[in-house]
Amino acid sequence: MIDHSNMRSNFFPQVSGRQKAAAAFFALLLFSPACKDNNDIPVVDEQAYYAGGETTVFGEYSQVFQQPASNLSSQEVADHFKADANFEAIFVTAPATIQGGLGPLFNQNSCASCHIRNGRANFPDLPNDQGGLLFRLSLPGTGSFGEPLDIPGFGGQLQTKAVFGIQAEGKVDVQFTDEVLQFLDGETAVLHKPVYILTDPYTTFPTEGLMSPRIAPPVFGLGLLEAIPESAIQMHADENDADGDGISGKPNYVWDAVAQQVALGRFGWKAGQPTLLQQSAAAYNGDMGVTTTLFPSENCTGQPQCDNLTDDPEVDLETLKSTAFYTQSLAVPAPRRLDDPAVQRGKMLFSDLQCAACHVPSFTTGAHPEYGFLSNQKIYPYTDLLLHDMGEGLADHRGEFKADGREWRTPPLWGIGLTQTVSGHTRFLHDGRARNLMEAILWHGGEAEQARQRVLKLSAADRASLLAFLQSL
Ligand code: HEC
Ligand code: HEC
Ligand SMILES: [Ca+2]
Ligand SMILES: [Ca+2]
Ligand SMILES: [Ca+2]
C-alpha cells in the first residue's frame with residue numbers, strides 16, 4: 001500500500017539564478033569540446049522539471065511512482081485511491097465472495113505483484129523474483145487484423161501457474177551467454193544474453209511455436225501518453241527513412257476491442273495495445289485469469305483441461321475502468337539535478353548521439369477523451385511511441401500487428417534514474433536482460449546502431465555524463 005508520510009511535498013528545486021549561472025559557466029569551462037552547439041552557455045529548461053506537466057511530483061524515495069497526479073480534484077483523488085485498491089487486490093480461486101476468479105491459468109494473482117511499487121519487475125535471476133517476466137506465444141503468420149496467431153492448447157501467453165487440479169502450461173529456464181564489448185579507450189563491458197528454454201509443457205509445444213519475453217514495465221504517466229494526439233506521433237514516423245538519418249520509426253496499428261476497429265497502438269513493449277482500458281482487461285485475462293466484460297472467455301478456452309464455458313465476467317466494467325484509471329492518474333516523478341554540469345553535458349550528448357531521434361524529449365498532450373487533468377500538458381517522456389528495428393541482438397523473431405520480429409516500441413525514459421531507488425535493481429530492456437543503463441545502451445542495434453557506435457567512441461568522462469543525464473530523469 002501507499003505510504004503517505006512525508007512525500008506529497010511539492011518543493012520546487014531551490015536554485016538561485018546566480019548558482020545556475022555559475023554552473024553554466026563551469027559547464028562551459030570544463031566541457032567545451034565535441035558538442036556542435038556548445039557555443040551558447042547551456043540554459044536549464046526549468047519547465048523540464050515538470051516532466052509530467054501539472055501531474056508531476058517531486059522527490060526521490062521508493063514510493064515515488066505510487067503518487068496520485070498532483071492536479072487531481074478531490075473527487076479524482078478519492079477515485080484514485082479506490083483504483084489503487086483494485087491494483088493491489090489479490091485474487092483467489094473461485095468461488096469466493098471477494099476477488100474470486102483467479103485462473104484457472106495465471107502468471108500472478110495481482111497487478112501490483114508484477115508492477116512492484118509501480119516500477120519494473122525483477123528479472124528471474126534476482127532473489128525476490130515474483131514472476132514479472134512473462135512470455136507471449138504465437139504461431140508464425142498473422143490473423144485478419146495482423147494479430148499474432150494463438151497456439152492451440154497454449155493461446156497467446158504462457159501461464160506458468162494454475163489453480164488446484166489444473167496443470168500450468170509450462171516453465172521457462174534461462175541461460176546466458178556473455179559477449180564482451182570494448183570502448184575505443186580500451187575499457188570493456190559485458191553483455192549478458194539470455195536464451196529461454198521452455199520446460200515441462202503440459203502438452204506438446206509445436207516446434208514452430210514462437211516465444212517473446214516481456215518484463216513488467218513501470219505504469220506511471222501512461223494517461224499522458226494516451227493523451228498525445230495521434231497526429232503528433234505520426235509526425236515523427238518516417239517509415240521509409242525519407243530524411244536519410246538511418247531512423248525509420250513507424251506506428252503500430254492494432255485491434256481496438258471496444259471500438260471494434262484498428263487503432264494506434266501505444267502500450268506494451270511492441271505497442272500492441274491501443275488504450276489503458278484494453279491493456280488492463282488483457283492483463284486481468286492473460287496475467288491473472290480474470291474475465292471482464294471486454295474479454296469474457298477464460299484464458300484457457302480451447303484447452304482440453306478447461307470446461308470451455310464462457311462464464312460471467314469476474315470483474316465488472318466499473319471495476320475495470322477504475323483499474324485503468326489507476327494507471328491514468330499516477331503522477332510522473334520530476335527529474336533531478338538538471339543544472340548539474342555533467343547532466344547538462346549528458347543532455348547535449350543525448351541529442352548529438354541521435355538518442356533523441358527515437359527518445360523524443362517532449363510532447364504536448366491533446367484533449368484526453370475522459371479526464372481533463374491529462375489534457376494540454378507539456379510533458380517530457382523521451383519516447384516517440386513508434387516501432388524501431390533494434391537489430392538481431394534484441395530480436396524476438398515474433399511479430400505483433402505491424403511490429404516485426406526485430407521491432408520494439410521506444411520506451412519512455414522518464415523516471416528511469418529512479419529505478420534503483422524504487423525497485424532495488426537496475427535491470428532494463430524488454431526482458432530485463434541489461435544489468436545497468438550502459439548495457440541497455442550497448443544492446444541497441446539496427447536503426448540505433450549508429451548511436452551505439454558513437455557511444456563506443458566516447459571518452460570515459462562523456463560516458464559518465466551521458467549516464468548522469470539518464471540518472472537525472
Ligand atoms: C505476470 C505479471 C503481470 C501482471 C500480473 C500484470 N502485468 Fe501489466 N504488464 C506486464 C508485462 C510483462 C507488460 C508488458 C506487456 C507487453 O509488452 O506485451 C505489462 C504492461 C502493462 C501496461 C502497459 C505499460 C506500458 O508502458 O506500455 C499496463 C498499463 C499494465 N501492464 C497494467 C496492468 C494491470 C492494470 C494489471 C492488473 C489487472 C497488470 N498490469 C497485471 C506484466 C504484468
Ligand atoms: C532507433 C531508435 C532508438 C535510438 C536511436 C536510441 N534508442 Fe534507446 N531504445 C529504443 C528502443 C526501441 C528501446 C527498447 C529496446 C528493447 O527493450 O529491446 C530502447 C531502450 C533504451 C533504454 C532502456 C529503457 C527501458 O525502459 O528499459 C535506455 C536507457 C535507452 N534506450 C537509452 C538510449 C540512449 C542513451 C540512446 C543514445 C545513445 C538511445 N537509447 C538511442 C530506441 C532507440
Ligand atoms: Ca477466472
Ligand atoms: Ca496460455
Ligand atoms: Ca529517418
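One-based numbering, in listed order, for ligands and for the atoms of each.
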Distance filter under 4.0 Å to Leu437 heavy atoms, resulting ligand 2 atoms:
29 (C)
If you measure every N/O of Asp287 against every N/O of ligand 1, is any gap under 3.5 Å?
yes
Within rounding of 10°, what is the angle whose vertex is the Ca ion (ligand 4) and whose arms end at OE1 of Glu169 and OE1 of Gln159?
70°
Using a cut-off of strictly less than 3.0 Å, determine whether Phe154 has an N/O/S atom near the Ca ion (ligand 4).
yes
Residue and atom name of the nearest protein heavy atom (relative to atom 2 (C) of ligand 2), distance in Å to one decimal
Cys358 SG, 1.9 Å
Quick check: does Cys355 get an N/O under 3.5 Å from an N/O on ligand 2?
no
Does any N/O atom on Arg120 come nearer than 3.5 Å to any N/O atom on ligand 2?
yes
Looking only at distance, does Gln354 have an N or O less than 3.5 Å from an N or O of ligand 2?
no
Per-atom contacts of ligand 2 with Val455, taking only distances under 4.0 Å to non-hydrogen atoms:
38 (C)
Taking N, O or S atoms only and a limit of 3.0 Å, check whether Gln303 reaches the Ca ion (ligand 4).
no
Expected output: side-chain Asn299 to main-chain Asn285 donor-acceptor under 3.5 Å
yes
Report yes or no: does Arg454 have a heavy atom closer than 4.0 Å to ligand 2?
no
Are any of the N/O atoms in His430 less than 3.5 Å from those in ligand 2?
yes
Is there any N or O on Arg136 that sits under 3.5 Å from an N or O of ligand 1?
yes
Any non-hydrogen atom of Trp443 lying under 4.0 Å from ligand 2?
no
Please list the nearest protein heavy atom to atom 12 (C) of ligand 1 with its residue and the distance rounded to 0.1 Å.
Arg214 O, 3.2 Å
State whether the shortest distance between N or O atoms of His444 and N or O atoms of ligand 2 falls below 3.5 angstrom.
yes
